[in-house]
Amino acid sequence: MATDRYGHDLYNGSSEAVGHLDRAVEHLLFFRPEVAGAVDDLLEAAPASPVAHAFAAYLGVLGTESADAVAARRRFEGSVSGLDLSGLPRRERLHTAAAERLLAGDWRRGSALLEELTTAYPRDALALFVGHQLDFLTGDAPRLRDRIGGALSAWEEEDPHRGPLLGMYAFGLEECGHYAQARETGSAAIERNGHDVWAIHAVVHTYEMQGRFADGIAFLDARVDDWADRNFMKVHTWWHYALYALEAGRPDTALGIYDAALHNPESRGLAMELLDAASLLWRFHLAGSDQTRRWETLADAWAARSDPPFYAFNDVHAVMSYVGAGRTEEARRLIADRRRWLVEPGSRTVTNHAMTATVGLPVCEALVAQSAADHDSVVELLWPLRRRLHEFGGSHAQRDAVQRTLVESALRSGRHDMARLLISERTALRPDSPYNWLMSARLADSVGDAVRAGLARDRALRLGRADLSGPTAAARIPQPVPPAV
């Protein structure tokens with residue numbers, strides 16, 4: 001029986017198939033688009049391999065594209081129909097069961113099965129990667145950290161794939177608030193392989209969460225040739241750069257990045273990219289910046305997808321786009337559709353049901369209320385959720401668009417005590433963030449404290465000075481991203 005690079009036998013697989021499997025896992029760990037072709041080659045070489053079919057199923061789910069998941073489920077069911085799971089080796093049985101649960105929408109059960117798998121087989125890089133991504137999609141920060149931390153001791157220091165594991169661990173550490181350790185661990189992964197875009201992403205998050213935007217800009221500038229190449233993280237990393245540019249007081253740079261990399265006529269309309277675009281424009285919306293033209297094209301892109309209920313995190317950003325474009329009726333139709341789905345038979349068996357019911361719909365309703373300047377309703381909807389937003393997935397940085405919406409509405413509704421608390425929380429965590437000090441200045445203006453407002457505004461201006469005139473990544477803002485071949 002053929003054995004993969006990690007020492008696992010490939011059931012019903014040849015040495016040729018193992019070569020394709022190892023290549024596919026390598027591409028997956030480094031977020032290379034070539035992973036899809038490698039999995040196709042694997043399936044052709046090993047059409048009876050349960051791991052091969054599970055791998056294809058995982059790819060169909062992780063992009064949060066409902067159409068891809070439907071197609072993957074159809075292929076998977078056709079490949080495993082009549083298969084006697086009890087006769088499979090344990091690792092193949094667990095991969096098959098996990099893939100089946102994921103395709104059925106039960107992401108949490110699929111995640112648990114993968115955790116059972118890596119407890120017994122801690123060197124199964126495929127299971128670790130997929131489980132880690134599921135922890136991110138479900139907002140489970142402790143498991144995002146500990147799933148990888150629990151496997152690291154099984155990986156020798158010199159193993160070339162220990163680096164990507166360190167990058168995953170760094171992101172889990174960051175989402176749990178261990179910023180210094182996350183930055184150190186992510187940097188160690190990057191030293192092993194400068195093209196480890198997930199490790200770069202983890203370090204970028206540490207700077208974002210501490211408000212260290214100048215350090216983040218310098219970090220990305222120094223490595224632009226590593227992360228701005230062809231990989232699945234390219235657009236998202238540009239989004240992070242745009243956030244830094246906003247903090248640096250350069251909205252023109254942020255919008256240039258939006259037009260060139262986040263959304264333009266050549267964009268592929270993928271949910272993961274559209275939500276980054278919506279999240280950036282929403283920050284402009286909250287600042288009172290009119291971006292009607294950009295909102296219109298973004299809302300058109302969401303509408304063209306006609307997504308069924310699949311992932312509440314995506315729904316929120318679709319509603320964000322409709323609201324930004326002034327198309328509140330479309331936002332309300334999406335909300336009504338999701339409410340109908342919640343009571344359909346069988347909907348409760350999928351992870352997205354709880355995500356939608358407990359977090360997704362209240363946030364969507366808050367966005368619609370915000371568009372109508374009904375700030376009291378925004379506060380009533382978001383205040384109870386502010387410590388539960390992780391339950392519908394994403395990262396702290398991504399969910400901050402919703403947190404900022406609550407801050408804005410607390411200020412505009414005259415709830416000064418609440419606004420003070422929210423701004424104080426933010427400033428304590430990110431004392432170098434100009435945005436936080438500008439919010440402090442607005443609060444002081446609201447209560448008539450001109451001295452405090454002036455001091456906060458001066459501090460925001462001092463902190464917001466970052467030189468973007470040198471050889472920065474922003475200075476070479478990319479041409480529109482061509483569609484994938």
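These figures come from a predicted structure and were not determined experimentally.
Looking only at atom types and distance, the side chain of His205 has a donor-acceptor partner in the side chain of His240 under 3.5 Å away. For the residue pair Arg426 / Asn436, a side-chain donor-acceptor distance below 3.5 Å is found, with atom types taken as modelled. Checked by atom type, the side-chain pair Asp140/Thr138 shows no donor-acceptor distance below 3.5 Å. For Tyr241 and Asp221, the side-chain atoms include at least one donor-acceptor pair closer than 3.5 Å. A donor-acceptor contact under 3.5 angstrom links the side chains of Glu247 and Ser433, judged on distance only. Counting only N and O atoms by type, the side chains of Ser111 and Arg147 include a donor and acceptor under 3.5 Å apart. A side-chain N or O of Thr64 and one of Asn314 form a donor-acceptor pair less than 3.5 Å apart. Using a 3.5 Å distance cut-off with no hydrogens or angles, the side chains of His195 and Trp227 do not pair a donor with an acceptor. When only modelled atom types and interatomic distance are considered, Ser289 and Gln291 share a side-chain donor-acceptor pair under 3.5 Å.
For the pair Asn231 (side chain) and Asp229 (backbone), a donor-acceptor distance under 3.5 Å is present. Remark: the backbone N or O of Met355 is not paired with any side-chain donor or acceptor of Glu391 at under 3.5 angstrom. Using a distance-only test at 3.5 Å, with no hydrogens or angles considered, a donor-acceptor pair links the side chain of Asn12 to the main chain of Ala48. Remark: the backbone N or O of Tyr244 is not paired with any side-chain donor or acceptor of Arg250 at under 3.5 angstrom. Within the 3.5 Å criterion, the main-chain N or O of Gly149 finds no donor-acceptor partner in the side chain of Asp146. At distances below 3.5 Å, not a single donor-acceptor pair connects side-chain atoms of Asp159 with backbone N or O atoms of Trp155. Proximity of a side-chain donor or acceptor of Arg32 to a complementary backbone N or O of Leu28 within less than 3.5 Å is not detected. Under a 3.5 Å cut-off, the side chain of Thr118 and the backbone N or O of Leu128 do not form any donor-acceptor pair. Judged by distance alone, the side chain of Ser267 and the main-chain N or O of Asn264 form a donor-acceptor pair under 3.5 Å. For His263 (side chain) and Asp259 (main-chain N/O), no donor-acceptor pair under 3.5 Å exists by modelled atom type.
A heavy-atom distance below 4.5 Å is not found between the side chains of Glu34 and Arg23. Trp302 is not listed as a side-chain neighbour of Arg327, based on a closest heavy-atom distance of 4.5 Å or more. Side-chain contact check for His95 versus His53: every heavy-atom pair is 4.5 Å or farther apart. At least one side-chain heavy atom of Arg305 sits less than 4.5 Å from a side-chain heavy atom of Leu274. Counting only heavy atoms from C-beta outward, the side chains of Tyr179 and Glu174 approach each other to under 4.5 Å.
Both cation-pi conditions hold for Arg404 and Tyr435: the charged atom is under 6.0 angstrom from the six-membered ring centre and inside a 45 degree cone around its axis. For the pair Arg101 and Trp107, the NZ or CZ position fails the cation-pi test of under 6.0 Å to the six-membered ring centre and within 45 degrees of the ring normal.
With rounding to the nearest 0.5 Å, the separation of CG in Leu29 from CG in Asp196 is 8.5 Å. To the nearest 0.5 angstrom, Arg283 atom CZ is 7.0 Å from Leu280 atom CG. Annotation: the span from Ser321 atom OG to Trp282 atom CH2 amounts to 9.5 Å, rounded to 0.5 Å.
Taking every heavy atom of both residues into account, Trp239 and Ser279 meet most closely at CZ2-OG, 3.5 Å. Nearest heavy atoms, Asn352 versus Ala312: OD1-N, 2.7 Å. Taking each heavy atom of Gly216 and Tyr207 in turn, the nearest pair found is CA-CD1, 3.7 Å.
In this structure, Arg109 does not pair ionically with Asp106, as no charged nitrogen and carboxylate oxygen lie closer than 4.0 Å. In summary, Asp226 and Arg223 do not engage in a salt bridge, as defined by a charged side-chain N under 4.0 Å from a carboxylate O. Between Arg5 and Glu26, at least one side-chain nitrogen of the basic residue sits less than 4.0 Å from a carboxylate oxygen of the acidic one, meeting the salt-bridge criterion. Remark: Arg143 engages Glu115 in a salt bridge, criterion side-chain N to carboxylate O under 4.0 Å. No salt bridge links Asp9 with Arg91; every basic N to acidic carboxylate O contact stays at or beyond 4.0 Å. Ion pair Arg162/Glu157 flagged as a salt bridge, since at least one NZ, NE, NH1 or NH2 atom sits closer than 4.0 Å to an Asp/Glu carboxylate oxygen.
Among residues two or more places apart in sequence or in another chain, the salt bridge (charged side-chain N to carboxylate O under 4.0 Å, His left out) test is passed with Arg338 by Asp315.
Between His353 and Trp341, the two ring planes are tilted [angle within 30° to 60°]. Classified by interplanar angle (parallel below 30°, tilted 30° to 60°, perpendicular above 60°), the ring pair Phe313/His317 is tilted. Note on ring orientation: taking the six-membered ring where Trp is involved, the planes of Tyr121 and His8 are perpendicular (angle over 60°, cut-offs 30° and 60°).
No option in Tyr58, Phe31, Phe136, Phe55 other than Phe31 meets the ring-ring contact (aromatic ring centres under 6.0 Å, His included) test with Phe129.
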| request: For Leu102 and Leu134, run side chain to side chain contact (heavy atoms under 4.5 Å, CB included): C-alpha distance rounded to whole Å, both residues' side-chain angles, the deciding distance at 0.1 Å, then the answer. | output: CA-CA 9 Å; Leu102 296 184; Leu134 289 171; 3.6 Å; yes

| task | Could you give me the CA-CA distance, side-chain angles and deciding distance for Arg268 and Glu273, then say whether salt bridge (Lys or Arg N to Asp or Glu O under 4.0 Å) is met? | result | CA-CA 8 Å; Arg268 294 172 293 171; Glu273 296 180 1; 2.9 Å; yes

| task | Output, in order, the C-alpha distance, side-chain angles, deciding distance and verdict of salt bridge (Lys or Arg N to Asp or Glu O under 4.0 Å) for Arg192 and Glu158. | result | CA-CA 10 Å; Arg192 288 168 172 263; Glu158 63 274 11; over 6 Å; no

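Other residues, nucleotides and ligands place more than 12 heavy atoms under 6.0 Å from the CD atom of Gln403.
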